[in-house]
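Data first, discussion second: the structure below is written as structure tokens.
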There are 2 protein chains.
Amino acid sequence: MKSTVAQVPLYQAKAEFFRMLAHPVRIRVLELLCEGPKPVRDLLAEIEIEASSLSQQLGVLRRYGIVTAIREGSTVVYELAGPDVSELMRAARRILTELLVGQRELLAELQAADSS
Amino acid sequence: MKSTVAQVPLYQAKAEFFRMLAHPVRIRVLELLCEGPKPVRDLLAEIEIEASSLSQQLGVLRRYGIVTAIREGSTVVYELAGPDVSELMRAARRILTELLVGQRELLAELQAADSS
DNA sequence: TGTTGTGTTGAAGAAGTCTTCAACGAGGGA
DNA sequence: TCCCTCGTTGAAGACTTCTTCAACACAACA
């Protein structure tokens, strides 16, 4: 496994970080975990996906170190690795929303221009 | 071309957004453009890469709509599409730095545990 | 012990992204 | 016009990542 803490240019670490986030299921998992630790069963109930698919994506997050898993009896509970993560998800949500709104406005302008 | 403004679940829009960011060259371009508009020539001078490779990545950013290109005489000048972007890059830098520092501390703990 | 419920893993093929190369277009002189 | 510079494009092969399936590990319980 390639370490995520290797001495690597910062811009490459950033690219890897964003790539780790770049999957719909992983995004949803992180946002759900912002509410607090959750057993796999609950994640599975909220995200419509096969258990093994979810597990694959949880594996990516675990390997990156952004979440941790703890076995509790017969179930496994996932948790965000640190408080930064939830701040990150909030920032991402805000920024993307602004960007999407901006794009929508731009699109509206273009369509208005089309019809004239 | 698949529109980036389509009616798509938000978590998928987010995933696409992060995928758009998930490349070292694209990160560097965006950070350079935070300083202001720049001709391709300048980007090329700062990022060691072939012209056609840079152009491919600029194409990705342009298609997504996060940067705009304007021809000025014989050169082409790139610019961030909006002020949000530069805020985004600052947020990403801050958050990732915190995450990396956290990982480094964790690693240090693990290594200390190893040697005991 | 056998059986069931919960999650994880490995592997194979599909699908997507990166890199690189040659070819191209647009602008600005000689 | 010819030529040169600047930047872009399209396409092919290398390389990653995704999805899916069957097999597995572990705990709980009869």
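These figures come from a predicted structure and were not determined experimentally. The figures here come from the full heavy-atom set of this structure, side chains too, leaving out hydrogens, waters and symmetry mates.
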Are the charged groups of A:R94 and B:E87 less than 4.0 angstrom apart, N to O?
-> yes
Is it true that B:E31 and B:R90 have a side-chain N and a carboxylate O under 4.0 angstrom from each other?
-> no
Of all the choices, D:dG7, D:dA27, C:dT9, which nucleotide is nearest to the side chain of A:R71 once you look at every atom?
-> D:dA27
Which of the following nucleotides, D:dT8, C:dT8, C:dT19, is nearest to the side chain of B:Q57?
-> C:dT19
For DNA chain D, whose closest nucleotide is more 5', that of A:E72 or that of A:V25?
-> A:V25
Can you get from B:Y64 to B:L21 by hopping between Ile, Leu, Val, Met, Phe, Trp and Tyr side chains that sit under 4.5 Å apart?
-> yes
Is any side-chain heavy atom of A:K38 closer than 4.5 Å to a side-chain heavy atom of A:L32?
-> yes
With a cut-off of less than 4.0 Å, is there a side-chain N or O of [X] near OP1 or OP2 of [N]?
X	N	answer
A:H23	D:dT19	yes
B:R63	D:dT9	no
A:R26	D:dC18	yes
B:S74	C:dG27	no
A:R19	D:dT17	yes
B:Y78	D:dC6	no

Option from A:L30, A:V40, A:T68 for which side-chain contact (heavy atoms from CB on, under 4.5 Å) with A:Y78 holds = A:V40
Find the distance [X]:[atom1] to [N]:[atom2] and express it as a whole number of Å.
X	N	atom1	atom2	result
A:R41	D:dA28	CZ	P	13 Å
B:L61	D:dT8	CG	P	11 Å
B:L21	C:dT17	CG	P	14 Å
A:L58	C:dG7	CG	P	10 Å
A:I47	C:dG7	CD1	P	13 Å
A:M20	D:dC18	CE	P	12 Å
A:Q12	C:dC18	CD	C1'	13 Å
B:E48	C:dT20	CD	P	14 Å

Mind checking A:E50 for me? I need base, sugar-phosphate or nothing, with any heavy atom below 4.0 Å counting as a touch.
-> sugar-phosphate
Give A:T75 one of three labels, base, sugar-phosphate or nothing, depending on what nucleic acid heavy atoms sit under 4.0 Å from its own.
-> sugar-phosphate
Do B:Q56 and D:dT8 have a side chain to base donor-acceptor pair shorter than 3.5 Å?
-> no
Is A:S53 side chain donor-acceptor paired with the D:dC18 base, going by distance under 3.5 Å alone?
-> no
For the atom pair CG (A:L44) and CD1 (A:I49), what is the distance rounded to the nearest 0.5 Å?
-> 8.0 Å
